[in-house]
Amino acid sequence: MTTRGAHDTGPVAEAFAADADARALSRVGVIDVGSNSVRLVVFDGAARSPAYFFNEKVLCGLGRGMAQTGRLNPEGSVRALAALRRFALLAEGMGLTALEAVATAALREAEDGPAFTAQVRDETGLDLRVIDGREEARLSGQGVLLGWPGAEGLVCDIGGSSMELAVISGGEVGARVTSALGPFRLQGIAGGQKGVRKHVRAILDGLKAEVGGGHQRLYLVGGSWRALARLDMERRGYPLTVLHEYAMTPKSIRKTVDWVARSDLKALKSRTGISAERIALVPLAGVVLREVLKVFRPRAVHISAYGLREGLLYEQMPAEVRQRDPLIEACRFAEAAAARMPGFGARLFDFVRPLFHGVPQQRLRLMRAACLLHDVSWRAHPDYRAAACFDNATRANLGGLDHKGRVFLGLALMHRYSNAKSVMARMAPLQGLLSDDERAQAEVLGKAMRFGAMFSIAGPETAGRLKHYPKKGVLELVLQPSTEALLGEVAQARFAALAGALKAQTVVRVGRGTTPRRAPDGSPPTEP
């Protein structure tokens with residue numbers, strides 16, 4: 001069932017389809033057989049920011065007990081084989097023309113791994129490709145790069161039976177190593193936690209010699225790390241439970257590891273929804289992470305929801321596609337699929353941009369994204385549209401967007417649809433992630449989009465131009481003689497609301513060099 005081609009940039013680089021254009025049009029699938037979980041993911045095309053068309057995992061625990069027996073867990077093997085039978089049928093039912101199936105530490109290390117691989121082939125038709133640890137590290141690094149094109153630092157991917165490290169810099173994966181530091185492998189270490197710490201530290205010192213130190217950022221990949229991050233959110237009372245790009249400090253991680261060690265895991269499972277199989281591995285994973293922090297001393301730690309599976313997809317992307325911004329690509333796709341007038345968002349951004357002189361490029365990027373998304377929720381009920389926009393932006397499956405960016409985007413889109421007073425209270429905890437200035441800027445952007453979106457359906461930038469004079473407290477709208485009638489009563493009210501957010505007086509001009517007419521809010525014209 002695996003589709004192969006001539007494109008080959010690594011040991012598992014067989015193309016999902018014959019060429020890049022075909023890959024972009026096809027749904028591509030990845031089956032990942034790990035030491036703890038078996039998963040099928042189907043991406044909706046090999047675009048720069050692919051959608052997850054299908055995503056299912058089964059926590060089989062193939063590697064549980066392997067450190068003692070050298071063999072796959074018998075119960076886990078039965079469950080994994082059942083899952084793979086299902087996944088093969090699902091892939092066939094979805095009409096996938098491209099399916100890549102890979103296996104990692106458990107199957108490459110177990111003495112009965114080859115026999116299991118052969119059984120899978122015979123019973124399902126799936127050709128499992130067992131990859132080595134360095135290749136696993138490389139693919140995980142590429143997965144992080146899919147979500148963070150400019151990521152620089154050290155990727156740490158923990159599975160049930162192994163842990164990989166990979167250096168990422170300049171859009172490439174550099175030095176990479178593998179180790180036997182997965183929780184299943186550590187369960188048999190003698191000497192309790194002290195013995196485990198000593199064992200982990202000795203291995204990490206050797207890994208550091210291969211990948212180097214001085215990495216300012218640590219990117220965590222893997223279910224145990226994600227579970228630990230979810231527990232960190234719970235301990236802190238953090239208001240947004242989206243794990244991707246969740247940022248932690250080493251100090252916070254140490255507090256959470258200690259908190260978990262003295263807590264009832266069943267109670268934590270109930271509070272967070274983490275599975276019993278996963279949360280059972282968290283204490284050992286916490287011991288490993290504490291030692292990783294001691295050895296590598298990163299300043300910032302980030303959670304990546306993207307890893308090996310996304311790395312396989314990234315593998316197939318032409319260099320030109322890799323350079324694109326995943327957030328902007330996702331927003332363009334959403335606009336094309338759901339907006340009433342695809343393409344309007346770029347014109348709206350051109351119209352509102354004069355209001356934001358001197359804004360850093362990263363903030364302008366979020367503003368561009370907001371303009372692209374400004375109309376994708378138009379089918380929602382008007383009474384709930386503003387809240388739906390906020391929820392969609394803050395919880396969407398988007399790469400290249402940190403948590404503050406999510407809230408800024410959601411707040412701007414909320415203001416685009418209403419004055420938002422009715423929903424502000426419910427959103428207050430999330431808005432606390434932004435400064436007062438950031439919240440004010442999001443409101444200005446939302447009201448600017450609200451005005452521009454209805455001012456001219458053909459495109460606001462062709463009907464008029466906005467000019468903002470912050471020092472003089474003036475917001476000016478320059479109309480074309482042929483478009484003066486577009487500034488009707490409702491448009492005037494929205495223009496006035498925008499000026500209110502800017503704490504500015506409104507001025508309207510028709511053409512160049514004409515006498516200002518009275519402002520829509522009734523105030524006398526003011527010469528800027």
Side-chain angles (χ1 to χ4, degrees), residues 335 339-361 363-375 378 411-420 437-528:
E335 183 191 38
R340 286 170 288 190
M341 297 185 67
F344 188 92
R347 299 196 294 274
L348 180 60
F349 178 70
D350 290 340
F351 180 70
V352 305
R353 185 168 180 172
L355 302 179
F356 304 103
H357 296 292
V359 171
Q361 283 299 315
R363 182 54 51 82
L364 284 175
R365 171 178 174 266
L366 289 178
M367 292 175 173
R368 184 187 297 274
C371 289
L372 292 170
L373 295 176
H374 89 281
D375 193 45
W378 69 275
L411 192 57
L413 290 168
M414 185 170 69
H415 282 291
R416 178 261 181 269
Y417 276 112
S418 76
N419 288 327
D437 288 344
E438 288 167 333
R439 288 193 293 271
Q441 196 172 69
E443 180 179 357
V444 169
L445 175 60
K447 290 185 175 179
M449 293 190 295
R450 183 168 170 79
F451 169 59
M454 57 81 63
F455 171 49
S456 172
I457 301 302
E461 82 292 355
T462 63
R465 289 178 293 114
L466 290 172
K467 295 184 177 182
H468 182 215
Y469 303 91
K471 292 183 179 179
K472 295 185 177 182
V474 170
L475 176 64
E476 182 181 68
L477 176 64
V478 181
L479 297 167
Q480 301 297 324
S482 60
T483 61
E484 185 176 358
L486 286 173
L487 196 65
E489 290 185 13
V490 177
Q492 289 181 26
R494 292 190 179 181
F495 182 52
L498 171 59
L502 287 166
K503 297 180 174 57
Q505 185 179 13
T506 57
V507 170
V508 177
R509 296 180 182 274
V510 180
R512 180 175 293 180
T514 60
T515 302
R517 52 176 249 188
R518 183 167 292 274
D521 61 0
S523 61
T526 301
E527 194 76 14

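Note that the structure is a prediction, hence the values are computed from the model and not measured. Just so it is clear, the values below take in all heavy atoms, side chains as well, and ignore hydrogens, waters and symmetry mates.
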Smallest separation among heavy atoms of Ala370 and Leu413, with atom names: O-CD2, 3.5 Å
Answer whether the closest heavy-atom distance between the side chains of Cys371 and Met449 falls below 4.5 Å. yes
What I'd like to find out is whether the side chain of Leu486 reaches to under 4.5 Å of the side chain of Leu479, using heavy atoms alone. no
Show the nearest heavy-atom pair for residues Val359 and Leu364, with the distance to one decimal. O-CD1, 3.7 Å
Residues that Lys467 engages under side chain to side chain contact (heavy atoms under 4.5 Å, CB included), provided they are two or more places apart: Arg465, Tyr469, Glu476, Val478
Full working for side chain to side chain contact (heavy atoms under 4.5 Å, CB included) between Leu466 and Leu477: CA-CA 5 Å; Leu466 290 172; Leu477 176 64; 3.9 Å; yes
Donor-acceptor list for residues 451-464 side chains, cut-off 3.5 Å, not counting sequence neighbours:
from   : atom 1 : to     : atom 2 : distance (Å)
Ser456 : OG     : Gly459 : O      : 3.4
Thr462 : OG1    : Gly459 : O      : 2.7

Does Gln480 have any side chain to side chain contact (heavy atoms under 4.5 Å, CB included) partners at least two apart in sequence or in another chain, and if so, which? Ser482, Thr483
Using every non-hydrogen atom in the two residues, find where Pro354 and His357 come nearest and quote the distance to one decimal. O-NE2, 3.0 Å
Hey, mind stepping through Leu366 and Leu445 against side chain to side chain contact (heavy atoms under 4.5 Å, CB included) and telling me if it holds? CA-CA 10 Å; Leu366 289 178; Leu445 175 60; over 6 Å; no
Sequence-distant partners of Arg365, side chain to side chain donor-acceptor pair (under 3.5 Å), two or more places apart: Asp325
Exactly one of Arg439, Gln441, Arg416 should register a side chain to side chain contact (heavy atoms under 4.5 Å, CB included) with Leu411. Which one does? Arg439
Heavy-atom closest pair (Tyr417 atom, Asp375 atom, distance to 0.1 Å) is OH-CA, 3.6 Å
Looking only at heavy atoms, which two atoms of Val352 and Ala448 are closest? And how far apart? CG1-CB, 3.7 Å
Side chain to side chain contact (heavy atoms under 4.5 Å, CB included) partners for Ala369, two or more places apart: Leu327, Ile328, Cys331, Leu409
All ring pair (Phe, Tyr, Trp, His ring centres under 6.0 Å) counterparts of Phe349, not counting sequence neighbours: none
State whether the side chain of Glu484 and the backbone N or O of Val510 hold a donor-acceptor pair below 3.5 Å, judged by distance alone. no
Residue pairs involving residues 341-354 (criterion side-chain hydrogen bond (donor to acceptor under 3.5 Å, both in side chains); sequence neighbours excluded): none
With Arg368, which residues qualify under side chain to side chain donor-acceptor pair (under 3.5 Å), at least two apart? none
Contact between Glu443 and Lys447 at the side-chain level, heavy atoms closer than 4.5 Å - yes or no? yes
